Q: 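This is the structure I want to talk about, given as structure tokens.
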Protein chains: 2
Amino acid sequence: MIKERNTKQKSLILSAVRGTKTHPTAEEVHLMLSDSVQGLSLGTVYRNLNHMAESGQIRRISVTNSPDRFDGDISPHHHICCNTCGKFCDFFDTDYDTSLDKVIEEKSGFTLIKHETVFYGLCPECNLNQKN
Amino acid sequence: MIKERNTKQKSLILSAVRGTKTHPTAEEVHLMLSDSVQGLSLGTVYRNLNHMAESGQIRRISVTNSPDRFDGDISPHHHICCNTCGKFCDFFDTDYDTSLDKVIEEKSGFTLIKHETVFYGLCPECNLNQKN
DNA sequence: TTCTTAATAGTAATTATTCCTATTAAGGAG
DNA sequence: CTCCTTAATAGGAATAATTACTATTAAGAA
């Protein structure tokens, strides 16, 4: 009995997200693959990205004033977003604190699946430009 | 020279957001006020909520699979979202760690304005229902 | 090779939010 | 208090992001 099928689209979408650090939006993933898969549907990209995010293979990150982004790196790290130019980058913290999940589970009664932290501010370039 | 005018809409929108702990969406704020302000425009609600969020009077929180929410409580705290029913609640941590902002500013070169952390999981009720 | 059906392509529909413009009204000046 | 400038609003159109729908395709088990 089949549960899930391996398609060319599926594996290419996963490779694309894993192969970049740009945290692409669904539309950007679609663009990245438009050459290799002729006729790739944006709906297919969305469906697969959502499945992969739900199964924990990738991360889906909701950002204010931006379409959702996807990250192939599921190791614990933060994200920083520039409010002016939208630049979106990783921040790897050697002391990344995962203990809060357990504390919150105990105190709130929730069963937690994940958390996402996004820092908002001005990137160095936009900071300079603003001063002019 | 005038810079900003105080309107009935503006003050009622701010009161509405500050007067609830439900983290309403723009549409929900619009609904809350539809009785007191006849003809209140949804665009006006969005515009004011955005201004207030930009000026730091309230918080705007982007959540996966949900329209943005607004919080009148700007004191440092986290949010927990139920992936099944969408329930959205506060989590006040006595040890809320704000030191990471400074560390990230130093290491990334960004000037940070704020950060938002959302925990995703299953609320106690949905957790029970799932087991049945 | 055949057959079942999961997955896709393509498009329509929905949702969330912003943009546009004529009109209203806040509040400073006279 | 009245007038005047223009910030802010109402209402609706436009845009952006994402999901839903359906006929068709193609995994992969038998």
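These numbers come from a predicted model, not from an experiment. Chain A is the first sequence line, chain B the second, and so forth, proteins listed ahead of strands; every chain is numbered from 1.
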Q: Quick check for you: among C:dT18, D:dT5, D:dG28, whose closest atom lies nearest to any side-chain atom of A:Asn65?
A: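 Of the options given, the side chain of A:Asn65 lies nearest C:dT18.
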Q: Grab the CG-P distance between A:Leu42 and D:dA16 for me, whole Å please.
A: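 In whole Å, D:dA16 P lies 14 Å from A:Leu42 CG.
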Q: Is any side-chain nitrogen or oxygen of A:Thr44 closer than 4.0 Å to OP1 or OP2 of C:dA9?
A: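 A:Thr44 to C:dA9 OP1/OP2: side-chain N or O found under 4.0 Å.
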Q: Assess the pair B:His77 and B:Tyr96: is the distance between their ring centroids shorter than 6.0 Å?
A: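 Judged by ring-centre distance (under 6.0 Å), B:His77 and B:Tyr96 do not meet the cut-off.
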Q: For B:Pro67 and for B:Gly43, locate the closest nucleotide of DNA chain C by heavy-atom distance; then report the residue assigned to the nucleotide nearer the 5' terminus.
A: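 Its nucleotide being nearer the 5' end, the pick is B:Pro67.
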Q: Does the side chain of B:Thr7 get closer than 4.0 angstrom to OP1 or OP2 of D:dA8 through an N or O atom?
A: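 No, because none of the side-chain N or O atoms of B:Thr7 sits under 4.0 Å from OP1 or OP2 of D:dA8.
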Q: Does a side-chain N or O of A:Lys10 approach OP1 or OP2 of C:dA7 to a distance below 4.0 Å, or not?
A: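 Answer is yes, contact under 4.0 Å.
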Q: So, OP1 or OP2 of D:dT18: does either fall under 4.0 Å of a side-chain N or O from A:Asn50?
A: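 False: A:Asn50 side-chain N/O out of range (4.0 Å or more) of D:dT18 OP1/OP2.
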Q: For B:Glu28 and C:dA16, give me the distance from atom CD to atom C1', rounded to whole Å.
A: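 Taking atom C1' of C:dA16 as the reference, CD of B:Glu28 is at 13 Å.
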Q: With a 4.0 Å cutoff (strictly under), does any side-chain N or O of B:Tyr46 reach OP1 or OP2 of C:dT18?
A: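 For B:Tyr46, the contact criterion (side-chain N or O under 4.0 Å from OP1 or OP2 of C:dT18) is not met.
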Q: Return the value, rounded to whole Å, for the distance between atom CG of A:Asn48 and atom C1' of D:dA27.
A: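 Nearest whole value for this atom pair: 14 Å.
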Q: In whole Å, I'd like the distance from the CG atom of A:Leu40 to the P atom of C:dA9.
A: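 Nearest whole value for this atom pair: 5 Å.
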Q: What nucleotide among C:dA7, D:dA10, D:dA8 has an atom nearest to a side-chain atom of B:Glu4?
A: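 Nearest to the side chain of B:Glu4 among the choices is D:dA8.
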Q: Rounded at 0.5 Å granularity, tell me how far CD in B:Gln57 sits from CG in B:Asn48.
A: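 One gets 9.5 Å once the value is rounded to the nearest 0.5 Å.
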Q: Which nucleotide, C:dA26, D:dT18, C:dT17, lies nearest any side-chain atom of B:Arg5?
A: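 Nearest to the side chain of B:Arg5 among the choices is C:dA26.
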Q: Measure the CD1-CZ distance between B:Ile74 and B:Arg18 for me, rounded to the nearest 0.5 Å.
A: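 The CD1 atom of B:Ile74 sits 7.0 Å away from the CZ atom of B:Arg18.
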Q: Below 6.0 angstrom between ring centroids: does that apply to B:Tyr46 and B:His30?
A: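 Ring centres of B:His30 and B:Tyr46 not closer than 6.0 Å.
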Q: Expressed in angstrom and rounded to an integer, what is the separation of B:Leu12 atom CG from D:dA10 atom P?
A: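 Answer to the nearest Å: 11 Å.
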Q: Toward the 5' end of DNA chain D, which comes first, A:Asn6 or B:Ile13, by nearest nucleotide?
A: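 By nearest-heavy-atom nucleotide position, the 5'-most residue is B:Ile13.
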Q: Given D:dT18, C:dT17, D:dA10, which nucleotide is nearest the side-chain atoms of B:Asp68?
A: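 Between D:dT18, C:dT17, D:dA10, the one nearest the side chain of B:Asp68 would be C:dT17.
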Q: Measure from the side-chain heavy atoms of A:Arg60 and tell me the nearest of D:dG11, D:dT18, C:dA25.
A: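 Selected nucleotide (nearest to the side chain): D:dT18.
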Q: Are the side chain of B:Ser55 and the backbone N or O of B:Met52 linked by a donor-acceptor pair below 3.5 Å?
A: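 Side chain of B:Ser55 to backbone of B:Met52, a donor-acceptor pair under 3.5 Å: yes, one is there.
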Q: Roughly, in whole Å, what's the span from CG in A:Leu49 to C1' in D:dA17?
A: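 Going from A:Leu49 (CG) to D:dA17 (C1'), I get 13 Å.
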Q: Among D:dA10, D:dA27, D:dT5, which nucleotide sits nearest the side chain of B:Gln9?
A: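 Among the listed nucleotides, the one closest to the side chain of B:Gln9 is D:dA10.
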